[in-house]
*Asks:* 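Below: one structure in structure tokens.
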Number of protein chains: 2
Amino acid sequence: MEIDDTDREILRALQEDARTPFSEIARRIEMSSATVHDRVNRMEEEGIIRGYHADVDPKAIGYEISAIVGLRVEQGREDETLEHLKAVDGVQEINLTTGEWDIVMRVFAANTEDLRQLMFEEVSQLDGFSRTQTMVVLGTEYETHELPVPDRNQ
Amino acid sequence: MEIDDTDREILRALQEDARTPFSEIARRIEMSSATVHDRVNRMEEEGIIRGYHADVDPKAIGYEISAIVGLRVEQGREDETLEHLKAVDGVQEINLTTGEWDIVMRVFAANTEDLRQLMFEEVSQLDGFSRTQTMVVLGTEYETHELPVPDRNQ
DNA sequence: GTTGAAAAAATATTGAG
DNA sequence: CTCAATATTTTTTCAAC
């Protein structure tokens with residue numbers, strides 16, 4: 001799971017546009033497209049590249065609202081609780097955290113009614129939370145799918 | 001910015017794998033690849049498809065730690081503050097929220113020292129926050145880049 | 001809005017350095 | 001690992017329905 005500068009250039013290109021032709025990446029980094037192809041395959045196999053996804057505007061597919069949800073879980077019920085949460089429709093991300101919450105997750109819903117249903121009928125009643133908090137996202141001011149790829153690790 | 005069932009099928013395919021050949025999508029939905037091509041172009045132009053991104057393992061490119069940061073902003077300084085935050089390296093997402101925090105953001109850092117530096121030298125000292133909280137992400141238990149595409153909006 | 005066919009371009013594969 | 005050549009497949013364009 002080691003990567004070199006050539007790999008880093010390839011990752012930068014594919015983070016920016018996952019559909020960039022390998023031949024164009026090859027041109028940029030002055031290598032053959034077969035090399036790019038080999039390296040991409042290797043990074044896919046090693047799990048460095050986990051996939052390629054279209055970034056779709058949530059509103060266009062019917063999600064008018066999203067929220068960040070903090071949860072405090074009763075001791076000893078973490079695993080059980082996580083399994084339930086993963087299965088809830090609209091849950092996009094579940095993080096285990098230090099600090100005020102044990103779990104912070106991001107959820108999407110069609111509208112406020114769906115969000116209410118998601119929170120109160122699917123999450124809160126799961127039983128196993130001592131406290132929850134729903135922070136409605138009024139707007140995502142900034143978002144990038146391109147983490148800067150540093151020239152070297154460390 | 002209206003989409004029909006054919007568009008939805010295309011979005012499902014491209015959310016799952018942004019590099020799926022149009023010809024294969026065409027086969028699946030039993031239309032010509034020229035049609036798929038046209039529709040993708042249209043959805044790109046309309047902003048329904050915002051881009052295509054490789055999902056790269058943050059650890060592979062040197063990010064060993066991430067955090068969710070809650071911020072409370074002094075009234076009247078929101079715009080100024082947001083501009084500063086956007087420019088901070090490692091900030092991946094900035095959300096404006098209701099509830100306990102005005103802003104909730106997700107940040108990535110190489111290690112705890114970098115996270116400390118990011119928080120205390122780049123964020124906290126921005127001045128304009130009455131309170132901040134850093135919740136270190138111990139693990140991302142679940143994450144999807146594929147929001148379910150409902151058959152119909154609503 | 002869709003199609004089919006042709007042209008252009010890209011990708012996968014192979015063999016060799 | 002990298003390259004170059006080839007075979008295969010895909011993307012793109014366009015006239016026509």
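Treat the numbers as computed from the prediction; the structure is a model and nothing was measured.
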*Asks:* Name the closest nucleotide to the A/P21 side chain, picking from D/dT11, C/dT11, D/dT2.
*Replies:*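 That would be C/dT11.
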
*Asks:* From CZ of B/R39 over to C1' of C/dT3, roughly how many Å is that when rounded to an integer?
*Replies:*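 Result: 13 Å.
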
*Asks:* Within the structure shown, what part of the strands sits under 4.0 Å from B/R27 by heavy-atom distance: base, sugar-phosphate, or nothing?
*Replies:*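 If one applies the 4.0 Å heavy-atom cut-off, B/R27 turns out to touch the sugar-phosphate alone, with no base involved.
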
*Asks:* Have A/Y52 and A/E44 got a donor and an acceptor in their side chains that come within less than 3.5 Å?
*Replies:*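 A/E44 and A/Y52 do have a side-chain donor-acceptor pair below 3.5 Å.
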
*Asks:* Nearest to the side chain of A/A34, which nucleotide is it out of C/dT2, D/dA4, D/dT12?
*Replies:*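 Of all the options, the side chain of A/A34 is nearest to D/dA4.
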
*Asks:* Look up atom CD1 in B/I103 and atom OG1 in B/T132, then write down how far apart they are to the nearest 0.5 Å.
*Replies:*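 It is 11.5 Å, given to the nearest 0.5 Å.
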
*Asks:* Enter the distance from A/R77:CZ to A/H84:NE2 here, rounded to the nearest 0.5 Å.
*Replies:*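 That separation rounds to 9.0 Å.
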
*Asks:* Within this structure, what is the CD1-to-C1' distance between A/I10 and D/dT2, rounded to whole angstrom?
*Replies:*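 Taking atom C1' of D/dT2 as the reference, CD1 of A/I10 is at 12 Å.
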
*Asks:* Return the value, rounded to whole Å, for the distance between atom CG of B/D7 and atom C1' of C/dT2.
*Replies:*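 Atom-to-atom, B/D7 to C/dT2, this comes out as 14 Å.
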
*Asks:* For B/E44 and D/dT11, give me the distance from atom CD to atom P, rounded to whole Å.
*Replies:*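 In whole Å, D/dT11 P lies 12 Å from B/E44 CD.
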
*Asks:* I want to confirm an ordering. Mapping B/D4 and B/R19 to their closest nucleotides on DNA chain C, which one lands closer to the 5' end?
*Replies:*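 In this pair, the answer is B/D4.
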
*Asks:* Could you tell me whether A/S23 contacts a base, only the sugar-phosphate backbone, or nothing, with contacts defined as non-hydrogen atoms closer than 4.0 Å?
*Replies:*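 Here A/S23 touches the backbone only, sparing every base.
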
*Asks:* Name the closest nucleotide to the B/M31 side chain, picking from D/dT11, C/dT3, C/dA10.
*Replies:*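 For B/M31, the side-chain atoms sit closest to C/dT3.
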
*Asks:* Looking at A/H37, I'd like to know whether one of its side-chain N or O atoms comes within less than 4.0 Å of OP1 or OP2 on C/dA12.
*Replies:*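 Affirmative; the distance criterion is met.
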
*Asks:* If we ignore angles and hydrogens, is there a donor and acceptor under 3.5 Å between the side chains of A/R106 and A/S66?
*Replies:*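 Yes, a side-chain donor-acceptor pair sits under 3.5 Å.
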
*Asks:* Can you tell me which nucleotide in C/dA12, C/dT3, D/dT2 comes closest to the side chain of B/T35?
*Replies:*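 Looking only at side-chain atoms, B/T35 lies closest to C/dT3.
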
*Asks:* With nearest nucleotide decided by heavy atoms, which residue, A/S33 or B/E24, maps closer to the 5′ end of DNA chain D?
*Replies:*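 Nearest nucleotide further toward 5': that of A/S33.
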
*Asks:* I need the CG-C1' distance between B/D38 and C/dT3, as an integer number of Å.
*Replies:*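 In whole Å, C/dT3 C1' lies 10 Å from B/D38 CG.
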
*Asks:* Without decimals, in angstroms, what is the distance between A/I25 CD1 and C/dA9 P?
*Replies:*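 Roughly 18 Å, once rounded to whole Å.
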
*Asks:* Find the distance A/E30:CD to D/dC3:C1' and express it as a whole number of Å.
*Replies:*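 Rounding to the nearest Å, CD of A/E30 and C1' of D/dC3 are 15 Å apart.
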
*Asks:* Closer to the 5' end of DNA chain C via nearest nucleotide, is it B/S32 or A/T20?
*Replies:*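 Its nearest nucleotide being more 5', the pick is B/S32.
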
*Asks:* Parallel, tilted or perpendicular for A/Y63 and A/F108, by the 30°/60° rule?
*Replies:*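 If you compare the ring of A/Y63 with that of A/F108, the planes turn out perpendicular.
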
*Asks:* In whole angstrom, give the distance that lies between atom CG of B/L14 and atom C1' of D/dT10.
*Replies:*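 For the pair B/L14 CG and D/dT10 C1', the rounded distance is 14 Å.
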
